[in-house]
Amino acid sequence: MDNPALPKYCDLKNYEGTFLISGLINDLIMANDYINSVKKQFEMYKVLGERAMAQVPDDKLFWQYNDDSNSIATIVKHLAGNMLSRWTDFLTTDGEKEWRDREAEFDNDIKSRAELMDIWNKGWACLFSAINQVTDDDLQRLIYIRNMGHTVMEAINRQVTHYPYHVGQIVFIAKMVSGSEWVSLSIPRSESKKYNEAKFAQPKHKEHFADEYLKGDGPKV
């Protein structure tokens with residue numbers, strides 16, 4: 001029986017297979033867009049942290065505001081420790097590894113910039129190695145962090161919010177210890193109007209917000 005609410009050309013018997021295929025294709029596109037988007041966000045925050053630390057004198061990487069505060073080096077240790085734990089065997093083991101010593105991550109005992117950057121790079125390398133293996137079919141799989149079930153997408157989102165929190169701390173400390181030598185990583189003060197005018201002079205287009213930063217232009221928020 002025809003459905004009077006549907007146009008005559010909308011024959012569900014003929015088109016339901018097409019609708020199903022179209023929906024599956026859209027799901028695949030969205031999943032790929034999601035994975036590519038989070039990769040770019042991780043890449044952006046990695047570069048942001050590196051550009052901030054590059055402006056900091058070596059000795060200031062280990063500076064603490066007080067005994068209860070973390071230095072840039074300590075934050076790097078914590079980030080790397082979290083990354084190694086969360087992303088090692090990401091799809092098959094609990095994200096809080098038995099071998100992780102979280103308390104030791106907050107000991108301010110890194111001795112040099114080279115050691116700091118080695119630790120930083122090992123954490124990010126573990127993350128990117130793992131996420132590059134994630135497919136759209138994995139996103140709804142159930143994995144665990146401290147026995148708490150997450151879909152793979154939820155676990156990724158958890159880290160997408162955690163790492164910028166700490167990178168922001170690195171940027172704040174870097175700006176504070178660099179003083180007048182600091183070079184802005186975003187739109188400098190008094191430059192917002194000029195920046196917006198240049199942006200709105202361009203035609204509307206689709207571009208990931210991290211792209212301009214990864215190309216070297218910086219995040220503009």
Side-chain angles (χ1 to χ4, degrees), residues 25-58 60-61 63 65 69-76 78-80 82-83 86-87 113 116-117 120-121 123-125 127-128 130-132 134 136 139 151-221:
I25 292 172
N26 287 335
D27 287 346
L28 287 171
I29 292 171
M30 290 179 65
N32 285 328
D33 284 349
Y34 169 78
I35 294 171
N36 289 332
S37 179
V38 294
K39 284 180 185 178
K40 287 186 177 184
Q41 289 177 69
F42 282 133
E43 290 169 358
M44 184 182 78
Y45 283 106
K46 178 178 183 288
V47 173
L48 180 63
E50 290 169 354
R51 289 181 182 169
M53 290 187 287
Q55 298 189 53
V56 177
D58 287 2
K60 297 299 184 183
L61 293 169
W63 173 83
Y65 176 74
S69 300
N70 294 319
S71 67
I72 288 175
T74 301
I75 296 169
V76 168
H78 171 58
L79 273 170
N82 179 281
M83 290 173 180
R86 294 290 183 267
W87 297 97
R113 180 184 293 272
L116 179 151
M117 294 309 299
W120 170 266
N121 286 324
W124 286 105
L127 182 160
F128 287 121
I131 203 167
N132 283 335
V134 174
D136 54 284
L139 294 178
T151 65
V152 167
M153 182 179 286
E154 288 171 338
I156 293 172
N157 288 342
R158 176 170 173 163
Q159 306 315 116
V160 167
T161 58
H162 185 195
Y163 301 153
Y165 168 77
H166 288 302
V167 171
Q169 293 174 328
I170 290 172
V171 173
F172 179 78
I173 297 172
K175 183 176 181 179
M176 186 164 53
V177 300
S178 297
S180 61
E181 299 299 315
W182 176 255
V183 177
S184 177
L185 299 175
S186 183
I187 306 171
R189 288 190 178 185
S190 77
E191 295 290 324
S192 296
K193 182 179 179 181
K194 179 180 178 182
Y195 180 81
N196 284 342
E197 287 175 347
K199 282 294 184 182
F200 283 111
Q202 301 174 17
K204 291 183 177 180
H205 63 286
K206 176 72 169 67
E207 182 181 10
H208 194 278
F209 62 87
D211 285 343
E212 63 178 355
Y213 192 66
L214 295 173
K215 289 186 294 188
D217 297 332
K220 311 302 181 185
V221 293

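Along the sequence shown, residues carry numbers from 1. Every heavy atom of this structure was used, including side-chain atoms; hydrogens, water molecules and symmetry mates were not.
Side-chain contact between Met117 and Glu50: present, with at least one pair of heavy atoms (C-beta onward) separated by less than 4.5 Å. Looking at heavy atoms from C-beta onward, His162 lies out of side-chain contact with Arg86 at the 4.5 angstrom threshold. Under the 4.5 Å side-chain criterion, counting only non-hydrogen atoms from C-beta, His208 is not in contact with Leu214. Side-chain contact check for Lys40 versus Phe209: every heavy-atom pair is 4.5 Å or farther apart. In this structure, Met176 and Trp63 have side chains that are in contact, with non-hydrogen atoms separated by less than 4.5 Å. Side-chain contact between Val183 and Arg51 is absent, with no heavy-atom pair separated by less than 4.5 Å. With contacts defined as side-chain heavy-atom distances shorter than 4.5 Å, the pair Asn196/Lys193 does not qualify. Contact check for Tyr165 versus Leu79: no side-chain heavy atoms found under the 4.5 Å cut-off.
The heavy-atom pair separating Ala174 from Ile72 by the smallest distance is N-CD1, 4.0 Å. Closest heavy-atom contact between Trp120 and Gly49: CH2-CA, 4.1 Å.
A salt bridge (Lys or Arg N to Asp or Glu O under 4.0 Å) check over residues 179-191, counting only residues at least two apart or in different chains, returns nothing.
A distance-only check finds no donor-acceptor pair linking the side chain of Arg113 to the backbone of Leu61 [under 3.5 Å].
Just one residue in the list Val47, Leu48, Ile75, Val76 forms a side chain to side chain contact (heavy atoms under 4.5 Å, CB included) with Val167, and that residue is Leu48.
From Lys60, atom NZ reaches atom CD of Gln55 across 15.5 Å, with rounding to the nearest 0.5 Å. Distance OG1/Thr74 to CD1/Ile170: 10.5 Å, rounded to 0.5 Å. Atom OG1 of Thr151 sits about 7.5 Å away from atom CG of Asn157, to the nearest 0.5 Å. With rounding to the nearest 0.5 Å, the separation of CG in Leu139 from CD1 in Ile35 is 4.5 Å. Note that the CG atom of Leu127 and the CD atom of Gln159 stand 8.0 Å from one another [nearest 0.5 Å]. To the nearest 0.5 Å, atom CD of residue Gln202 and atom CD of residue Glu207 are 8.0 Å apart.
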Check the pair Gln41, Met44 against side chain to side chain contact (heavy atoms under 4.5 Å, CB included), reporting the backbone distance first and the verdict last.
-> CA-CA 5 Å; Gln41 289 177 69; Met44 184 182 78; 5.6 Å; no
Apply side chain to side chain contact (heavy atoms under 4.5 Å, CB included) to the pair Asn82 and His166, showing each step before the final yes or no.
-> CA-CA 11 Å; Asn82 179 281; His166 288 302; over 6 Å; no
Is there a side chain to side chain contact (heavy atoms under 4.5 Å, CB included) between Asn70 and His78 once you walk through the steps?
-> CA-CA 10 Å; Asn70 294 319; His78 171 58; over 6 Å; no
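The side-chain contact (heavy atoms from CB on, under 4.5 Å) search around Ser192 returns Ile187, not counting sequence neighbours. Here Ser178 pairs with nothing under the side chain to side chain donor-acceptor pair (under 3.5 Å) rule; sequence neighbours left out.
Taking the six-membered ring where tryptophan is involved, the planes of Phe128 and Phe42 are perpendicular, since the angle between them exceeds 60° and thus also 30°.
Salt-bridge check for Glu43 with Lys39: failed, with every basic side-chain N at 4.0 Å or more from each acidic carboxylate O.
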